[in-house]
Amino acid sequence: MSAHELKTGPLEYRTQEGQMSIMGFWIFLAAEIVLFSTLFATYAVLFGRTVDAPTPGHLFEPGIVLVMTFLLLTSSFTCGIAVHQMRKGSVKALIIWMVITLALGAGFLGFEIYEFVHYVHEGATMQSSAFWSAFFTLTGTHGLHVTLGIGWAVLLLIQIAKRGLTPVTSRKMFIISLYWHFLDVVWIFIFTSVYLIGMVV
Amino acid sequence: MKSNKHRFHRWLALLPLSLVLFLSGCSGITVLDPKGPVAESQKDLIIFSLWFMLGIVVVVFAVFTYVVVKYRDRANRNDKDYDPNLHGNTTIEVIWTVIPLIIVIALSVPTVETLFDLEKPPVSSEEKEPLVVYATSADWKWFFSYPEQGIETVNYLHIPTDRAIEFRLSSADSMAALWIPALGGQKYNMAGMENILYLQADEQGVYDGRNSNFNGEGFAAQTFKVHAESPKEFKDWVKETQASAPELTQDKYNALLKPGLTGKTAFSSTHLEWVHHGTNDGRDYAIKRHEEAYEEHLHLDNEMLQDKADGHSNKNEGHE
Amino acid sequence: MAEHSKSIPVQHIIGFVLSIVLTLLAAWAALGSNLPVKWIIAGILTLAVIQAGIQLFMFMHMTESESRNGHVPWNMMFHGFVLAAIIVAGSLFTMSWGFDHHPGKDDMGTHQEEEQQHGGH
Amino acid sequence: MRLDEFFVTGEPLIYAGMVSIALVTSAALFLLTYFKKWGWLWREWLTTVDHKKIGIMYILAALAMLFRGGVDALMMRVQLAFPDMNFLDAQHYDEIFTTHGTVMIIFMAMPFLIGLMNIIVPLQIGARDFAFPYVNALSFWSFMFGAMLFNISFVIGGSPDAGWTSYTPLAGAAMSPGPGQNFYLLGLQLSGIGTLATGINLMVTILKMRAPGMKLFQMPIFTWSTLVTCFIIVFAFPILTVALALMTIDRIFGSQFFTLTGEGLPMMWANLFWMWGHPEVYIVILPAFGIFSEVIATFAKKRLFGYNAMVWSMILIAGLSFLVWVHHFFTMGAGAFVNSVFSISTMLIAVPTGVKIFNWLATLYKAKIKFSVAMMWALAFIPSFVIGGVTGVMLGMAAADYQFHNSYFLVAHFHYVLIAGTVFACFAGLVFWYPKMFGHKLNERLGKWSFWFFVIGFHVCFFPQYFLGLDGMPRRIFITNIAEWLPLNIISTVGAFGMGAGFAIFVFNIYYSYRYSEREKTGDSWDGRTLEWATPTPVPYYNFATVPYVDKYDAFLAMKEKGETTYDEERLEPIHMPSYTGQPFIMMGFLFIASFALVFEWIPLAILGLAGGLIMMIVRSFDYDEGYYVEVDEIKRIERKARGL
């Protein structure tokens, strides 16, 4: 609640509110780790329970998954640069890099939707078996996070364009960046334990 | 109303009698009065732990009473034994950390030993092959299949004494647990998963068995009697059932599977010939055939239950 | 804070390149190599953990002292991953491993085998 | 859906319930209109972000839920008293034990404790509010709407009836069709959001907003217990969120996680449920430990013994709480090795818990014990909880658990720990902090009556149940048809009514004290040791005029020795406060609509509700309200009046 503002350091850390929001978000991310790991656990335990539906090894395609991975990895990188630009005080560069980030994220989503539609056509649906329920829920939850992240970031970019960089807007931007990098972390594990292992076993 | 009141008085009259029974010691308490080696080993474990627990309770209660009485705030309280800043003592804190740790270790050793023992038939009947009984739960009844003897009973069980019974537990639909407290602890019956539970009766008698895991409206009615008899009597019973009981057809079985209550029956063949609910293939057998029936309510109340116990009701038979 | 003057900090570039390389390595191990399956799984999971670490340390400013949040971010992430391990490994341990290694199978053969396995633990 | 399917029909007890709900609601509406209190209700309560007011609303709601859960319990005990009872049929009994369990854990124990944390924690650490007051209001309304959603199942649609654990496949769509189970899933989901948010909120509050100088290991023990609890909340609640979501998807969208078809794995629900469920037990017991520690130290007039050990034992319990969940289904048949591992980890929890018990006893040693009602609850806790604890260790021994599992032995055990632990703590905490909240104490005489009725009733009710369990009586049966069980069941029912009488006296005491108790003149009602007693009573909305510098445990005790107060006219500065807002209420209202629609599987309405919720989030994102400042003159005026200067 205190109004004391520091004079140095990144803008987002200068007020106590900024520090608290960022700390709160880190704690939230820890909760998100648990949320995703519960989905991973469900996926792992239900692995192989496909009944008559196609098996993952049969449906997964390395090409498209690698493309999705690179899109998301690159978006994480550009998001990092956006925050770097923000700390240098450049609103314009920040917005440009964020737009690139979101475009890459949207590309990722596009591929994911294409992939889901393809699987459903092949007979692997949410309802077809325990394994596919778990698959769609895990990857779908990640996809939903990406979608929400894009919507949230767009709202924020509007605010930044209107208000410029203040302790409040830069704090919000910084938190978005944490969220975005975190989604990348989750995707790394999906890529590894769902797709790669699904293709190996 | 009238009959209820009458029953009420009848039960009330039992009250003092039962109190006497209860106070007369452990003999009245099923779990502490085992009729076979499995329940025996569990009882031993319970009694073993009970001594430690009583010790802890006695110590804590004694210390508690002492401090609360001695250090209460009263008029002529001696201020010499009031020490508001006393805030710790490493030695004593270490002591009361280590002692519970030792107790936990002391309890762990027999627990683990018993756990591994319970996965095998009891030692006392090692030389005999266990009798295999498939115990299948369905809403809200029990099927006991004796594959070697080729017979199947519904809602009652006959076993020979002094021989391990290897129960293979599974369920046709909801999850249940087979529990015969006089003979030993329970395990779950689950569709698509098979559990093995070894029990054994050393004393002849009729024991209560039931499903102890809540599985819906008919849960309280899912009980059965266990008739533990001498090997010879058991053999006779098997022969008689083989000779006199009808064959279990798949249609008859499907009708019995329908959720509801049913009385005691026996058959001279088993359902294992066409379905085994403990396997992946058998797990959705019942739900596929009776999907709508699971939505209906039984409206089970006390009266119905009494009737079932007396052998009147047979809700399923109307549907045959 | 020399890197602040650059438009793209070195740390980010290193992180990005490393994640691309690690991803390709994992993909090769899984799809191109002939290693035993268990080794592949262990290997690519290790690579994933390293890559997650890169994101956290190189991109997410987890350890910045200016945040005045002390050890909290680091601490929460650490415990989050511990919990993740407990949840995933614990579920597999009880639900899959536990059931595969117990006498819930049709023949007594599995039962004997199970006893030996327990002896080994 | 037809109207007679929408409303629950055919049950006289439920008709009575409907009538009483209608009467109470219309009475409330009438009174609000008659006394022109609608504006007051909106401005002072529905839009508040003040942690003290939110805490009071939590506690009031929790008391109402305690009443509801208690009535459920009494109805069950009536049905079980005699073998021939036809008071409830099986279906009705199933609904009642399901709602009893769910309400008591999720909508009574947790909100009661969170309510106490809300009021006390910021005061104990010298903070002016929560880190995120807006989120705090959001949390409360999420809980409140979740509780309402769960409770309307009583009259609309039908109550869930698969037990508070809701094991699949029984709770799945195939075997429990209809809205009942959906109420459970969505009610818990909705209130779970708030619990998680509170966890984060309180953690940040405690970590970042302590009075200057106050180190972590100088915090009051209740604050410590809150911090550890929030840590558990943050790591456990997402598991519940996922588990509930998976079952919701199963039931509404036909997926196959926990079904019998499609190779679903019903036991996975049990696994996920208890991965949350066991830590949940510690979420409701650790704050209780904190409350007892505060109460015992205050009325023993002595420093808490072994403060560091107390803190570390809580941390250890929190860690272990995530490693023992399998003991809830030892009988699943995961094999001797798995059971051994979890058996040992379970029993290990007894070690730090034992340390705590001995530390409390040592706190009483060489003390000057004053038997106030709060202290009596705390003292009754120790022996009662020890009985619950040692039987817990017995249950933890997996091989013996095969006999205890699903029996009344288990029922007795968890009521012994949850009532003697959590419920006693709620009473102790409420009595203890009551003057801080409402400006007057509860009557001690009536308090003692309610205490003795409740505690004796509790032991009479639950002690016999250990023996019922050993005699083979399973939990959740609606009928006690074995003659040997009769006497103990009668005794148990008598005890339950004793507890009911205790609760009734407690509620009467609230009314009586409101009318007749002397108003508090100082803020320090009990010669307290921690900072909440340093504020005047009633607490000004900004809490502390000047925040003290803290360099000791028992900070207020040190201040009193030095003659300091929290009002130093020299150091007064304008205080920044957050503005009240109706957004949290509206946002959660939308989510309530969405959840209600999902219960009945009306997808378009559910989407509308969710969209409303999203729009409220966007509104919030563009909301740059910065709050306001309380001027120095205003502070002077309030403080002088409160302190009688």
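Order of the sequence lines fixes the chain letters, A, B, ..., with proteins taken first and strands second; residue numbering starts at 1 for each chain.
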### Message
For a side-chain contact (heavy atoms from CB on, under 4.5 Å) check, start with the C-alpha distance between I86(C) and W325(D), then their side-chain angles and the critical distance, and finish with the verdict.
### Response
CA-CA 11 Å; I86(C) 291 174; W325(D) 76 94; 4.1 Å; yes
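Between the NZ atom in K208(D) and the CG atom in N69(C) there is a gap of 4.5 Å [rounded to 0.5 Å]. Considering CZ of F93(C) and CZ of F337(D), their distance stands at 5.0 Å, rounded to 0.5 Å. If you take CG on L207(D) and NE2 on H71(C), they are separated by 12.0 Å, rounding to the nearest 0.5 Å. Considering OG of S96(C) and CE of M268(D), their distance stands at 8.0 Å, rounded to 0.5 Å.
Using bins of under 30°, 30° to 60° and over 60° for the plane-to-plane angle, the ring pair H79(C)/F235(D) lands in the tilted bin.
Interface remark: L83(C) contributes side-chain atoms only to the contact with chain D (heavy atom separation under 4.5 Å). Heavy-atom distances place no part of V82(C) under 4.5 Å from chain D, backbone and side chain included.
Counting all heavy atoms, side chain and backbone alike, M76(C) lies closest to V234(D) at CE-CG1, 4.2 Å. G98(C) and V338(D) make their closest contact through CA-CG2, 3.9 Å (heavy atoms, listed as atom of the first residue, atom of the second, distance). Taking each heavy atom of I87(C) and M275(D) in turn, the nearest pair found is O-CE, 3.4 Å.
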